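Data block below; observations after.
The structure presented is a predicted model; accordingly, all values stated were derived computationally and were not measured. Worth knowing before you read on, the calculation uses all heavy atoms, side chains too, and leaves out hydrogens, waters and symmetry mates.
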Amino acid sequence: MIQATKAILADLISFPTVSTVSNLAMIEYIANHLAGVGTKIHIFKDETDTKANLFATLGPNCKGGLVLSGHTDVVPVEDQKWSSNPFELKELDNKFYGRGACDMKGFIACALAIAPEYAKSKLNIPIHFAFTYDEETGCLGAQNLVRDLATKNIKPSMAIIGEPTEMRIIEGHKGMYEYTTTFSGLEGHGSRPELGVNAVEYATLYVSYLIGLRTQLIERAPINSKFEPPYTTINVGSIHGGVKHNVIANNCAVEWEMRPVQNSDADFIKSAMYDYAMQALLPEMKKVCPGAEIKVRTVGEIEGLEPVVHNSALELVSELTGTMGTEQVAFGTEAGIYQSYGIDCVVCGPGSIEQAHKADEFITIDQLQSCLIMFEKLRDGLSQH
C-alpha cells in the first residue's frame, strides 16, 4: 500500500496548487482516480470557474457517513531555499520531500490509495471524500462546500480532517479571523496638520485601542482552557500608509487578526472595534473632511473547533488508533466549518505541523504507514462480514 501511496503523492506534489492559481488539474486527477473505483462524484466550481471542490462517496446510498477531508492548495515557495524542486517528490532517509507533502497531500494520497479497498468492501455506512480549495487563504472552499452540500441535502455524520498532527487526535482549535481596516483622510502639508486628516494617526489610535483589549480577553478566558495561551489573542500584522515624512497621509491600511478560543470573544472584539471606529474616530475625521471613511474588509473568518461532550468522530478515531487522550491546538483548520454544519469532527493526520509551510517540507514514511493502518482498520470496522 505504501508504494501506491508514494506514486499518488508524487503525482499530487507535481500539481503546483498554490492558492493564487487554479487547482482544476489536481481535482480532475482525483476525480479520475475515484471514478475508476465506482465513486459517486460531485465537483463544485467557484465563481471564477478556475477552482473547485470535490465531494465523492463510496458505499450505501444513505444519510450520514464519514468524511475524509483535505485541502488541495499549498503555500508559495518563493523566497524559500529548497534543496530540490519543490514540485517534484524526492525520497531521502525514509522521508518524502515536496511542497504539500506534509500539508496536506500526504493525507490525500493515503485516502486515494485506500479507496479501491473501500470500493471492494461492503461498507455499513458511506465513506465520503472532501477535497477543497483555498484553505490557506481563509478556508473559502470549505465554506462554499458546506453550502453546496446543504443545497443537495447531503449531511455526513462524522469527519476526519487530515491536517498534520503526527496522528494525534485534536478535538479543539482556536478560530482564525483576519481583517484589513482602511482609513481614508485628507492629505496636506505636514506644517499644517490641522487642515488635514492624517489617516496614519487615526490608524495608530485604532491599533492602540485594539491592543488595549488584550487585558479584557485574558480576563474572559474560559476556566480550565486547554489552549496555549488559554485566552483569545490579537495580532497586528502590518500597517501601510502615507508617502513621505512631510506629507499628511490621506490613506492607511491595518492588517490584523484574532484567534478566539470561544465565539463570544470574536463577537466582543468586532463589536468593540466597530463602536470605537464609528463613534470615536470617524466623527473626528469628518469634522475636517466630510468624505473621510473607515472600512473593514473581512479577509477570512475560520470558525474554531469547539470540544464537545459527545463526539462520535473522536470515539471512532480513538478506537482506530488506540489513542485515548486528545489535545487542543492554536492553528486553524476547516474542522470548525464542518462542525457548524452539524458534523462531529476531529483533526488527525500524518506528518508534523512543524514541517508545514517551510522549505524542504517533508513527511516520513512511518507517518504515512500509520495513516494507512488507521484507514485499513476503518475498512475492517465498517465492512459487513
Side-chain angles (χ1 to χ4, degrees), residues 1-2 5 64-70 102-104 106-108 110-111 113-114 117-118 121 123-128 130 156-175 221-231 259 261-262 303-356 363-383 385:
M1 187 67 70
I2 192 63
T5 303
L66 171 69
V67 181
L68 304 179
S69 169
C102 166
D103 185 19
M104 57 182 298
F107 177 84
I108 297 176
C110 289
I114 200 68
E117 298 299 317
Y118 289 162
S121 305
L123 298 171
N124 294 319
I125 64 171
I127 297 292
H128 308 285
S157 301
M158 300 175 286
I160 301 173
I161 292 78
E163 291 281 1
T165 69
E166 299 176 278
M167 298 303 294
R168 295 174 292 122
I169 302 174
I170 307 302
E171 65 167 337
H173 64 69
K174 295 183 180 183
I223 297 175
N224 299 324
S225 172
K226 296 180 181 179
F227 289 111
E228 183 61 39
Y231 48 82
R259 305 218 172 198
V261 299
Q262 51 193 351
E303 298 179 64
L305 175 63
E306 296 192 3
V308 295
V309 176
H310 300 291
N311 185 334
S312 57
L314 189 156
E315 294 170 0
L316 174 63
V317 177
S318 294
E319 181 179 348
L320 294 174
T321 62
T323 302
M324 300 307 297
T326 62
E327 301 177 40
Q328 298 180 23
V329 294
F331 63 84
T333 76
E334 296 172 329
I337 297 170
Y338 293 120
Q339 186 182 59
S340 69
Y341 185 49
I343 300 174
D344 285 356
C345 298
V346 292
V347 183
C348 180
S352 169
I353 195 66
E354 295 300 320
Q355 303 304 323
I363 191 167
T364 65
I365 294 177
D366 287 345
Q367 282 288 302
L368 292 175
Q369 289 277 28
S370 295
C371 185
L372 289 170
I373 290 172
M374 179 180 73
F375 285 162
E376 289 168 353
K377 290 183 177 179
L378 177 65
R379 174 202 59 199
D380 296 340
L382 297 182
S383 297
H385 300 289

For this session: Could you check E327 against T165 for side-chain contact (heavy atoms from CB on, under 4.5 Å), going step by step and ending with a plain yes or no?
Result: CA-CA 10 Å; E327 301 177 40; T165 69; over 6 Å; no
For this session: May I have the step-by-step check of side-chain contact (heavy atoms from CB on, under 4.5 Å) for I114 and M1, ending in yes or no?
Result: CA-CA 8 Å; I114 200 68; M1 187 67 70; 3.8 Å; yes
Exercise. What is the minimum heavy-atom distance between S352 and C102, and which atoms define it?
Worked result: O-SG, 3.0 Å
Problem set entry | Exam field: side chain Y118 to backbone L123, donor-acceptor pair closer than 3.5 Å | no
Seminar exercise, completed: To the nearest 0.5 Å, atom CD1 of I169 lies from atom CG of L320 at 8.5 Å
Exercise. What pair of heavy atoms forms the shortest contact from M158 to I343, and how long is it?
Worked result: C-CG2, 3.5 Å
Exercise. Out of curiosity, Y338 OH to S69 OG, how far, rounded to the nearest 0.5 Å?
Worked result: 3.5 Å
Exercise. Looking at side-chain heavy atoms only, is the closest gap between P230 and Q328 below 4.5 Å?
Worked result: no
Problem set entry | Straight-line distance of N311 CG to D344 CG, nearest 0.5 Å | 4.5 Å
For this session: Check whether any side-chain heavy atom of P164 sits under 4.5 Å from a side-chain heavy atom of Q355, and report yes or no.
Result: no
Problem set entry | Point-to-point distance, once rounded to the nearest 0.5 Å, from CD of E171 to OG of S318 | 9.0 Å
Problem set entry | Beyond-backbone contact of I160 with L66, side-chain heavy atoms, under 4.5 angstrom | yes
Exercise. Does any non-hydrogen side-chain atom of L68 lie less than 4.5 Å from one of F107?
Worked result: yes
Seminar exercise, completed: Closest non-hydrogen contact found for V347 with A335 is CG2-CB, 3.9 Å
For this session: In sequence, state the C-alpha distance, the side-chain angles, and the governing distance for M167 and C348, and then conclude on side-chain contact (heavy atoms from CB on, under 4.5 Å).
Result: CA-CA 5 Å; M167 298 303 294; C348 180; 4.0 Å; yes
For this session: State the CE-CD distance between M374 and Q369, to the nearest 0.5 angstrom.
Result: 13.5 Å
Exercise. Side chains of E163 and I170: does their closest heavy-atom pair fall under 4.5 Å?
Worked result: no
For this session: Please name the pair of heavy atoms, one in E117 and one in S121, separated by the smallest distance, quoted to 0.1 Å.
Result: O-OG, 2.9 Å
Exercise. Nearest 0.5 Å, what's the OG1-CD1 distance between T5 and I363?
Worked result: 10.0 Å
Seminar exercise, completed: Heavy atoms of G381 and N124 approach each other most closely as O-ND2, 4.2 Å
Problem set entry | Beyond-backbone contact of E306 with Q339, side-chain heavy atoms, under 4.5 angstrom | yes
For this session: Considering non-hydrogen atoms only, spot the tightest contact between G325 and T323 and give its length.
Result: O-CG2, 3.4 Å
For this session: Let me see the working for I127 and L378 under side-chain contact (heavy atoms from CB on, under 4.5 Å), right down to the final yes or no.
Result: CA-CA 10 Å; I127 297 292; L378 177 65; 4.2 Å; yes
For this session: Compare all side-chain heavy atoms of L305 with those of T333 and state whether any distance is below 4.5 angstrom.
Result: no
Exercise. Counting only heavy atoms not in E376, do more than 12 sit closer than 6.0 Å to its CD atom?
Worked result: yes
Exercise. Do Q367 side-chain atoms and G351 backbone N/O form a donor-acceptor pair below 3.5 Å?
Worked result: yes
